[in-house]
Each structure stands twice: as C-alpha cells, then as structure tokens.
Number of protein chains: 2
Amino acid sequence: MTEKIKILLAEDETALGTIIKESLETRGFDVLFCTNGEQALNTYRAEKPELLVLDVMMPKKDGFTLVKEIRAENDKIPVIFLTSKSRTEDVVEGFGLGGNDYLKKPFSMEELIVRIHALLDRKRKRESSEEVSIGKYRFNLSKQKLGLGEKEQTLTHREAQLLFHLSENRNAVTDRSLILTQLWGNDDFFNARSMDVFITKLRKKLSEDETVEILNVRGYGYKLVC
Amino acid sequence: MTEKIKILLAEDETALGTIIKESLETRGFDVLFCTNGEQALNTYRAEKPELLVLDVMMPKKDGFTLVKEIRAENDKIPVIFLTSKSRTEDVVEGFGLGGNDYLKKPFSMEELIVRIHALLDRKRKRESSEEVSIGKYRFNLSKQKLGLGEKEQTLTHREAQLLFHLSENRNAVTDRSLILTQLWGNDDFFNARSMDVFITKLRKKLSEDETVEILNVRGYGYKLVC
DNA sequence: GATCTGTTTTATGGAATACAAACAAACTTA
DNA sequence: TAAGTTTGTTTGTATTCCATAAAACAGATC
C-alpha cells in the first residue's frame with residue numbers, strides 16, 4: 001500500500017485538468033480529479049486529501065462555496081484557487097487569506113508545484129510543532145515522541161496513532177471499533193486483540209504519571225483520563 | 001578543461017533536426033540528436049544531458065510521454081517543447097509547463113538559443129541556492145554537501161538524493177516504494193535492501209544532531225524527524 | 001457457584017528492518 | 001596499465017515491530 005500525499009483537483013476544463021493531474025502524479029502525488037464542485041465535495045469526504053486545488057468557476061458548485069463547506073469540516077486544510085482572467089481580481093485578493101493561495105490562469109506548472117510545496121510545508125511545520133500535554137507528559141504525534149521532564153521516548157507509529165486518537169477524546173469514551181477501522185482498516189476479532197496489546201504497551205509507557213490512565217469501558221472502548 | 005553542455009534533441013523531421021543540431025553545435029553545445037522518443041529515452045539514460053529539446057509529436061513515443069518518464073528519474077531537468085501548428089495551442093498554453101518552455105513552429109534559431117540560455121541560467125541559480133536546513137545541519141542537494149558548523153561532509157549521489165526525498169516530506173512518512181521507483185527504477189526486494197543500507201549510512205552521517213532522526217514506519221516507509 | 005463473555009497480560013513466531021562486512025564495478029592516480 | 005579509492009550492491013546475521021496465540025482475569029448472567 002502506498003502512502004502518497006493526496007491532492008484533490010477540481011477543474012471543469014478536462015484538457016487542462018488532465019495535464020495538471022498528470023504533472024502532479026509525476027511528482028509523486030496521488031491526484032483525485034473532479035470536474036465539478038459537487039463531485040469534489042463527495043470525493044473530499046470519501047478520501048480526505050491533504051490539499052485542495054480548485055478552479056473558482058465550476059458547474060454545480062463554485063470553488064468558494066465548496067471551500068466554505070469543506071472548511072466547516074476541516075478548518076485547516078490548505079487550498080489553492082485557480083482563477084480565470086475574467087474573474088475580478090479583488091474578490092480573489094480578499095480571499096487570499098489563511099491557508100489559501102491563488103493562481104491566475106494561465107500559470108506555469110512550476111508555479112503551481114512551488115505553491116503546493118509551500119503550503120504543504122507550512123502545514124507540516126504547524127503539525128510537527130503541535131505538542132499536546134497528557135498529564136505530566138508531552139506528546140508529539142508527527143515526531144512520535146513522548147516526553148516527561150528531561151526524558152523522552154520514541155513511540156512506534158502504531159502506538160503514536162493510537163495515543164493520538166485517545167488524546168483527542170480525553171476523558172470521554174473512544175469507541176473501540178472506530179479506532180479499529182481508522183487505524184487497522186477493519187474491526188475484526190484479530191485486530192481487536194492486537195489493539196489490546198497496544199493498549200497494554202501504552203499503559204506501560206504512560207505509567208510514570210499515575211494521574212494518567214487508560215480506562216476500559218466494557219463493551220464500548222477506552223477512555224484516557226488525565 | 002570545461003566540458004561542453006550536453007543537450008538532447010529529439011525531432012523526427014531529420015532536415016529540421018540537422019539544422020538545429022548544427023546551429024547549436026556552432027554555439028558550443030554538445031548535441032545528442034535522436035529521431036524518435038524511444039531512442040531519446042535510451043540516449044537520455046546513457047548520456048544524462050542537462051537539457052532536452054523535444055518535438056511533441058514523434059514516432060514511437062511522443063514528447064509528453066517521454067518527459068513523464070524522464071521526470072521520474074530526474075524531476076528538475078529543463079525541457080523545451082517544439083510544437084507544430086496542428087497541435088491545439090490552448091493545451092500547450094494552459095500547460096505553460098514547469099521548468100519548461102515551448103516554441104511554436106516555425107521558430108527562429110535565435111529564439112531557441114535565447115530560451116536555452118534562459119532555462120540553463122535558471123537551473124544554475126536554483127541549484128546553487130538550494131540549501132536546506134535539517135536540524136542543525138545544512139544540506140545542499142546539487143553540491144551533495146552536508147554541513148554542521150564548521151565541518152562539511154560530501155554525500156554520494158544516492159545518499160544526497162535519498163536525503164532530499166526524505167527532507168521534502170519531513171515529519172511525514174515518505175513512501176518506500178515511491179523512493180525506490182524514483183531513485184532505483186523499481187521497488188523489488190533487492191533494491192529495498194540496498195536502500196536500507198543507505199538509510200543506515202544517512203543515520204550515521206546525521207548522528208551529530210540527536211534531534212534529527214530517520215524513523216521507520218513499518219510496512220510504509222521512513223520519516224525524517226527534526 | 002458455574003458459566004459465559006469480554007478484557008488484560010505475557011508469550012511466540014514471522015516478516016520487515018538494521019547494520020556490518022564482503023564484494024564488484026567504476027573511477028583515480030601513479 | 002596496475003594499484004588504490006570510491007561508490008553502490010549483495011550477503012549474512014541481529015534486532016524490532018506487530019499480529020496472533022495462549023493463558024490469566026473480571027464482570028455479568030443464570
């Protein structure tokens with residue numbers, strides 16, 4: 001299985017869209033290509049891409065409206081708008097905020113790729129500096145680090161992912177099968193046993209602060225209290 | 001002695017091709033002249049030219065397909081496309097092409113030479129300014145240098161390429177098979193082992209800043225954390 | 001209390017990965 | 001051209017990670 005970075009591309013001119021798609025694929029991205037706004041929204045929900053490249057003017061649903069709806073579900077996702085000349089610039093400029101960027105058509109593929117990397121970089125930096133407190137522990141998901149005072153231990157990928165899910169719902173029950181489908185892909189018997197093992201491992205690694213506990217809620221899941 | 005700059009020229013009309021070849025040679029370039037896409041790919045692999053001048057429409061393999069394959073091996077090489085009138089202009093214009101340029105036939109030799117120099121210039125600039133920070137280290141891809149404070153070590157080509165890929169995705173997982181196909185050409189078992197060895201080498205060379213680490217994500221790839 | 005069902009923990013084995021060292025090929029230098 | 005060097009591949013063994021198995025445990029139900 002490949003873990004390429006997913007980019008959602010919505011562009012109604014198929015000729016241009018195909019060229020963009022192929023160029024991005026050459027650079028190692030996994031491109032989800034849609035030709036209208038509605039399709040794009042569905043694809044977004046199904047695939048959860050890391051970045052959006054959207055034509056502003058599209059049939060069914062324009063780029064701005066689309067972003068408003070997606071931002072309601074994920075307010076940090078970076079977006080690059082593609083705007084035709086005909087579109088008045090000030091509208092776009094006003095929108096050129098936050099995690100967004102825009103490119104006036106015609107643009108060079110190099111420009112687009114530079115901007116994609118710039119936005120992904122910013123996103124990475126933001127994510128990699130995000131440090132969560134769990135009791136006395138400091139937890140960094142993307143660095144897979146769990147620190148306490150001076151000491152720091154490195155978690156495995158699975159451990160880190162699992163702890164992240166638990167910490168997102170701290171002091172509330174995290175559903176067993178939800179974690180299983182999200183991390184393991186499905187919630188069959190064996191994966192559930194496997195997850196038990198990881199719970200044990202995490203408990204051990206979190207054992208130095210006894211205010212931090214992973215409680216079981218029989219039949220439902222686990223609760224990280226701290 | 002300074003070597004001549006190699007330019008790969010692929011053009012199926014031999015009359016035109018010969019004229020271009022000779023003009024470029026007059027300007028001091030070393031021109032590798034091919035008359036179809038397949039031959040061009042082989043010549044590329046054997047000679048590693050610095051720049052490509054390609055007819056879009058060619059027998060055996062057209063220019064776009066050819067570039068896609070070459071870009072998989074070297075994603076920065078500049079390309080100048082030669083397009084016949086018959087080719088729809090808008091596709092090309094919309095493309096605008098990254099690190100690329102295009103010339104509509106008929107064109108003057110002057111134009112071609114100006115563009116060649118422009119692209120080579122850009123390439124030089126990009127390469128010399130390519131210095132990335134990795135923790136306390138400074139890394140320059142095209143110079144293959146890894147510096148820390150006063151010290152500086154030279155990386156081998158493979159080491160540098162690999163580190164570059166990792167650093168492009170820092171703090172996120174870089175897919176194993178993606179690296180393998182991009183650097184080694186395919187992701188079979190043996191190349192994977194070879195890559196392991198390079199990961200070990202890089203870890204050693206990066207070991208002086210312990211905030212920099214290459215983590216493994218079992219079954220997926222590696223993550224450069226810093 | 002006996003039994004059932006779901007949870008916790010420790011143990012085990014296989015696959016993926018780590019690393020050192022031997023090797024081969026390409027390139028330098030004398 | 002031969003000897004040394006550098007680079008990348010191959011090989012062999014050690015280690016890590018995770019899935020699965022097995023066994024001990026705890027609540028619930030009868």
Side-chain angles (χ1 to χ4, degrees), chain A residues 1-3 144-146 153-163 165-166 173-177 179-207 213-225, chain B residues 1 3 45-48 73 143-146 153-166 173-207 212-225:
Chain A
M1 178 182 162
T2 54
E3 202 161 309
Q144 301 177 199
K145 297 290 185 191
L146 188 63
Q153 52 187 328
T154 304
L155 303 180
T156 72
H157 190 242
R158 273 255 192 288
E159 287 166 350
Q161 295 287 342
L162 178 56
L163 182 54
H165 272 268
L166 291 170
V173 184
T174 306
D175 191 64
R176 248 196 126 88
S177 67
I179 295 182
L180 282 167
T181 40
Q182 296 215 358
L183 298 192
W184 272 266
N186 75 31
D187 70 340
D188 65 21
F189 173 80
F190 293 109
N191 288 335
R193 292 309 107 241
S194 194
M195 178 176 146
D196 291 344
V197 175
F198 278 92
I199 291 287
T200 302
K201 285 179 180 168
L202 282 180
R203 281 176 173 148
K204 223 171 254 168
K205 296 200 170 180
L206 289 167
S207 61
E213 274 179 298
I214 299 176
L215 303 181
N216 170 256
V217 180
R218 195 183 174 82
Y220 292 92
Y222 292 92
K223 190 196 281 193
L224 175 70
V225 293
Chain B
M1 172 196 147
E3 275 182 40
R45 290 194 168 130
E47 301 278 350
K48 300 286 159 104
E73 297 173 24
K143 293 183 182 165
Q144 300 180 199
K145 297 290 185 192
L146 188 63
Q153 51 186 327
T154 305
L155 302 181
T156 73
H157 185 244
R158 273 252 192 293
E159 286 167 350
Q161 294 287 342
L162 178 56
L163 183 55
F164 177 68
H165 272 270
L166 291 170
V173 183
T174 305
D175 190 70
R176 249 197 124 87
S177 67
L178 187 72
I179 295 182
L180 282 167
T181 40
Q182 295 215 352
L183 298 192
W184 271 266
N186 76 32
D187 70 340
D188 65 20
F189 175 78
F190 297 104
N191 288 335
R193 302 307 289 296
S194 196
M195 180 176 146
D196 290 346
V197 176
F198 278 91
I199 290 287
T200 302
K201 286 178 180 169
L202 282 181
R203 281 178 172 147
K204 220 172 259 168
K205 298 199 170 181
L206 289 168
S207 61
V212 177
E213 273 180 296
I214 299 176
L215 302 181
N216 170 257
V217 179
R218 195 184 179 80
Y220 293 90
Y222 292 92
K223 192 197 280 193
L224 175 69
V225 163

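Because the structure is a prediction, the values reported are computed rather than measured. So that the names make sense, note that chain A is the first sequence line, chain B the second, and so on, each numbered from 1.
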For C:dT17 and B:R176 - does any side-chain N or O of the residue sit under 4.0 Å from the phosphate oxygens OP1/OP2?
yes
Checking B:S194 side chain against B:N191 main chain: does a donor-acceptor pair fall under 3.5 Å?
no
Close N or O pairs between protein and nucleotides 25-30 of chain D (under 3.5 Å):
none

Could you check B:R193 against B:V197 for side-chain contact (heavy atoms from CB on, under 4.5 Å), going step by step and ending with a plain yes or no?
CA-CA 7 Å; B:R193 302 307 289 296; B:V197 176; 5.9 Å; no
Could you state the CD1-C1' distance from A:I214 to C:dT9, rounded to the nearest angstrom?
14 Å
Does B:Q144 use its side chain to pair, donor to acceptor, with the backbone of B:T154 at less than 3.5 Å?
no
Donor-acceptor pair, side chain of A:Q182 and main chain of A:I179, under 3.5 angstrom:
no
Toward the 5' end of DNA chain D, which comes first, A:M195 or B:L155, by nearest nucleotide?
B:L155
Counting heavy atoms from C-beta on, name the nucleotide in C:dT17, C:dT10, D:dT10 closest to the side chain of B:D196.
C:dT17
Roughly, in whole Å, what's the span from CG in B:L180 to P in D:dG8?
15 Å
Specify the separation, in whole Å, of atom CG of A:L162 and atom P of D:dC17.
16 Å
Return the residues of residues 181-194 of chain A meeting this criterion: a heavy atom under 4.0 Å from some atom of DNA chain C. Order them by number, or give none.
A:R193
Judged by nearest nucleotide, the residue sitting upstream toward the 5' end of DNA chain D, A:T156 or B:F198, is B:F198
If you check every side-chain atom of A:K204, which of C:dT10, D:dG8, C:dA21 has the closest atom?
C:dT10
Can you tell me how far C1' of D:dA19 sits from CD of A:E159, to the nearest Å?
14 Å
Between C:dA16 atom P and B:I199 atom CD1, what is the distance in whole Å?
17 Å
Give a yes/no on whether any side-chain N or O of A:T200 is located under 4.0 angstrom from OP1 or OP2 of C:dT9.
yes
Could you check whether A:Q161 and A:H165, counting side-chain N and O atoms only, form a donor-acceptor pair closer than 3.5 Å?
no
Would you say that B:D187 contacts B:L178 through its side chain, given a criterion of any heavy-atom pair below 4.5 Å between the two side chains?
no
Length of the CG-C1' vector between B:L163 and D:dG8, whole Å:
17 Å
Donor-acceptor pairs are to be reported for all side-chain atoms of residues 215-225 of chain A against protein atoms at under 3.5 Å, with residues two or more places apart or in another chain.
residue : atom : partner : partner atom : Å
A:N216  : OD1  : A:R218  : N            : 3.2
A:N216  : ND2  : A:G221  : O            : 3.4
A:Y222  : OH   : A:D196  : OD1          : 3.3

Expected output: side-chain B:Q153 to main-chain B:K205 donor-acceptor under 3.5 Å
yes
To the nearest Å, give me how far apart CD (B:E213) and P (C:dA18) are.
12 Å
Can you measure B:N216 atom CG to D:dT16 atom P for me and round it to whole angstrom units?
13 Å
Looking at A:Y220, does any N or O in its side chain come under 4.0 Å of the phosphate oxygens OP1/OP2 on C:dT7?
no
Taking for each residue the nucleotide of DNA chain C bearing the nearest heavy atom, is the 5' side occupied by A:L215 or by B:Y222?
A:L215
Side chains of B:N186 and B:L180: closer than 4.5 Å at any heavy-atom pair?
no
Heavy-atom distance under 4.5 Å between the side chains of A:E159 and A:L202, does that happen here?
yes
